[in-house]
Amino acid sequence: MPEFANVIVDISHERLDRTFQYRIPERLKDRLQPGSRVRIPFGGGNRMIEGYVTELTDRAEYEPGRMKEIGEIAGGGLAVESELIALAGWIKEHYGSTMIQALKTVMPVKDRVKEKEERWVRLCLNQEELGAARSLCIKKHQTARLRLLEALKENPRLPWAEVAGRLKLTMAALRPMEEAGQIRIEGRQSYRNPAAGTGLETPPVRLNEAQQFIVNQLTGEIGRKDRRPALIFGVTGSGKTEVYMELISRTISAGRQAIVLIPEIALTFQTVQRFCGRFGDRVSFVNSRMSAGERYDQFERARKGELDVMVGPRSALFTPFGRLGLIIIDEEHEHTYKSENMPRYHARETAIARAELCGGLVVLGSATPSVESYYQALAGRFRLFRLKKRASADSVLPQVSVVDLRKELEAGNQSVFSRELRKKMESCLGNGQQMMLFLNRRGYAGFVSCRSCGKPMKCPHCDVSLTAHRNGRLVCHYCGYSVPLPKACPSCGSPYIAGFGLGTQKVEALVGREFPGARVLRMDYDTTAGKGGHQAILEAFGRGEADILIGTQMIVKGHDFPGVTLVGILAADLSLHAGDYRSSEVTFQLLTQAAGRAGRRGIPGEVVIQTYMPEHYAVQAAAAQDYEEFYHREILYRNLLKYPPAGCLMALQISSASEEAAEEAARGLANAISDSCGTEGQVTGPADAPVLKVRDIYRKLVYAKAAKYSTLIAAKDRAEAYMKDFPGASKVQLQFDFS
DNA sequence: AGCACGCCGACT
DNA sequence: GTCGGCGTGCTC
């Protein structure tokens with residue numbers, strides 16, 4: 001049993017947002033674990049306060065002689081905080097972050113939240129008493145009190161920010177005044193309920209046989225023996241949401257709470273309405289646009305038991321529910337469930353870890369499950385349920401055709417639109433129906449280069465070429481840098497500069513030229529930057545205010561337009577060249593989802609996939625709407641190269657402002673982990689990141705593949721040890737990424 | 001956040 | 001001297 005315990009103090013203040021180290025007394029050894037709630041002496045007066053053990057260790061980070069001992073274990077060790085701290089411990093171990101980083105993701109930022117909370121100082125004296133109090137203060141030279149009383153004379157109710165800020169009063173001066181009954185400090189906890197008053201009561205829908213079967217299978221098990229996560233593999237429109245609703249309902253009836261994770265983009269007004277209609281004010285929502293304070297409010301309501309359901313993106317997973325019984329992850333294949341910051345946790349794996357801690361059930365849903373999840377399901381580690389039929393009988397699968405762009409070129413057609421797509425667009429417009437055109441690249445042209453020297457225009461801060469935009473500027477899609485399009489090539493002075501490739505803006509221009517009359521909307525990062533940007537565009541299109549919606553991937557995610565009968569995928573290959581082992585999977589999912597947008601009410605939809613690689617299995621399988629076929633081909637490839645889920649993969653990203661420092665550290669790290677893995681694993685690199693430089697920071701990559709996760713964890717520890725005594729460690733940053 | 005410590009002006 | 005208010009800084 002380790003000698004010391006790191007403890008996070010149970011006080012919400014910025015200055016205390018770190019751990020303190022305590023000695024573990026003999027009688028408590030073997031009884032402590034990360035997440036234990038303890039009582040500890042704190043501060044000069046050794047007053048006993050509560051805290052949580054975050055970590056047990058033998059390494060003293062503080063002078064052991066001056067270290068205090070843990071007092072006792074505090075009762076009620078089952079508090080939510082304990083569960084979340086234990087989860088942070090799991091995240092730290094599993095994804096290789098520091099405990100503090102893990103804690104900060106799991107326990108929402110408490111700092112500066114207090115500031116935002118509305119607190120007021122109110123005067124409790126009448127005119128007479130105020131006068132008396134003032135003269136007493138003058139007599140006693142109580143300057144701080146006088147300052148406050150003067151201000152309160154003008155305005156008997158002052159906001160806390162002003163009292164603490166401009167008037168510079170501290171608790172030391174305020175407390176005696178409050179005790180004397182001169183003032184009152186009011187802390188009004190204002191909860192803004194984003195769900196308030198939306199939607200009408202919507203009674204539960206009657207489930208069809210397949211849906212009911214899943215619900216029965218799973219609810220019988222909640223709190224019982226089979227705790228395996230469930231994967232619901234249901235085609236678009238098969239009614240997964242109704243299953244979720246019923247599962248949540250039953251969870252609540254059993255006295256437990258539920259978290260629903262959905263991709264940010266799917267958190268639309270309709271979604272909010274749907275949940276509110278069913279669960280009233282017992283449901284709340286979080287999203288990334290909310291301020292830290294607003295999100296904290298909602299988490300606080302959950303902690304107090306005012307809620308039964310929380311809906312939101314990745315971070316909603318950490319809702320402090322004390323009786324969590326169900327975690328639903330909709331569209332579980334979405335890459336947004338993987339965090340981009342340290343710790344780079346995956347919501348699916350982390351949800352499973354949390355469910356284990358609280359004895360809850362995890363339900364995953366997707367029309368195109370991730371290869372990982374389907375693999376687990378086939379191996380029997382997940383329970384698999386299928387919803388094959390679309391819930392409403394009149395929707396039909398679309399007709400998909402694949403167009404070989406090489407043949408178009410041979411036939412002399414250099415346009416973005418193949419002959420087939422153009423014909424279908426004409427008839428679609430002629431019939432007064434709507435269409436969507438999908439292109440996975442925004443901007444006007446792909447890149448811009450000089451026709452005489454061939455040099456592309458590059459971002460000075462990032463290692464990428466700039467994208468031409470319609471407004472005559474060149475924009476960097478990595479850091480946002482933008483310059484006016486130069487009149488002459490900066491390196492050779494030639495005036496012949498031209499754009500190549502295709503972006504959404506250019507498609508918009510081309511549609512305008514080739515289909516004059518057609519009403520066009522464009523949706524991508526540039527047009528949705530403002531708040532409510534998505535919503536406005538989608539709603540306008542839904543109301544039929546445009547015939548054609550052009551956009552990047554955001555148009556294919558979770559929004560139904562009954563009027564859309566044609567979907568055109570202009571360049572299916574773009575995502576195939578990502579150079580990532582997942583690029584086929586991403587492409588397949590994208591194409592399948594895009595195709596699923598067409599024809600959902602009665603009218604059969606048509607889909608045209610344009611590609612230079614019509615024979616690629618991701619394209620073929622998507623055209624045939626055949627997930628099994630895709631999975632079969634994909635898993636062969638992953639097995640062969642031992643990529644996840646057939647093996648484990650750890651990526652080290654080494655970043656530094658100095659390329660040499662990054663390179664040197666990367667080399668050393670590659671050797672260190674290669675040493676650590678031995679014959680168990682395979683190390684590649686160091687190599688430049690696909691985009692070497694972003695925002696003036698160089699990034700190098702080292703990969704380690706192994707059959708067993710533990711091999712990689714050991715390698716991670718070795719890498720951390722290496723960085724500890726690397727001379728230039730302060731200049732170099734190391735990030736781990738497990739997948 | 002809460003508490004000790006030290007500074008400073010006022011008063012027995 | 002020394003008492004009490006008030007600002008500062010530390011808490012394993």
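By convention in this document, chain letters (A, B, ...) are assigned in the order of the sequence lines, proteins followed by strands, and residues within each chain are numbered from 1.
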Hits for ring pair (Phe, Tyr, Trp, His ring centres under 6.0 Å) against Tyr709(A), two or more places apart or cross-chain, chain-then-number order -> His94(A), Phe738(A)
For residues 655-669 of chain A, pull every pair meeting salt bridge (charged side-chain N to carboxylate O under 4.0 Å, His left out), keeping only residues two or more places apart or in separate chains.
-> Glu659(A)-Lys700(A), Glu663(A)-Arg667(A), Glu663(A)-Lys700(A)
Contacts of Tyr703(A) meeting ring pair (Phe, Tyr, Trp, His ring centres under 6.0 Å) (sequence neighbours excluded), chain-then-number -> none
Specify the separation, in whole Å, of atom CD1 of Ile138(A) and atom P of dG9(B).
-> 19 Å
Only counting residues at least two apart or in another chain, list the ones meeting salt bridge (Lys or Arg N to Asp or Glu O under 4.0 Å) with Glu150(A).
-> Arg134(A)
Arg18(A) to Phe20(A), cation-pi by 6.0 Å centre distance and 45° axis angle | yes
Taking only residues two or more places apart in sequence or in another chain, which ones pass ring pair (Phe, Tyr, Trp, His ring centres under 6.0 Å) with Tyr22(A)?
-> none
Answer with base, sugar-phosphate or nothing: what part of the nucleic acid does Tyr22(A) contact at a heavy-atom distance below 4.0 Å?
-> sugar-phosphate
For DNA chain C, what residues of residues 139-148 of chain A have any heavy atom nearer than 4.0 Å?
-> Gln142(A), Thr143(A), Ala144(A), Arg145(A), Arg147(A)
Would you grab the first and last nucleotide of DNA chain C (5' to 3') that comes under 4.0 Å of any non-hydrogen atom in chain A?
-> dG5(C) to dC12(C)
With sequence neighbours left out, the residues meeting ring pair (Phe, Tyr, Trp, His ring centres under 6.0 Å) with Phe275(A) are none
For residues 336-357 of chain A, which residue pairs qualify under ring-ring contact (aromatic ring centres under 6.0 Å, His included), counting only residues two or more places apart or in two chains?
-> Phe318(A)-Tyr345(A)
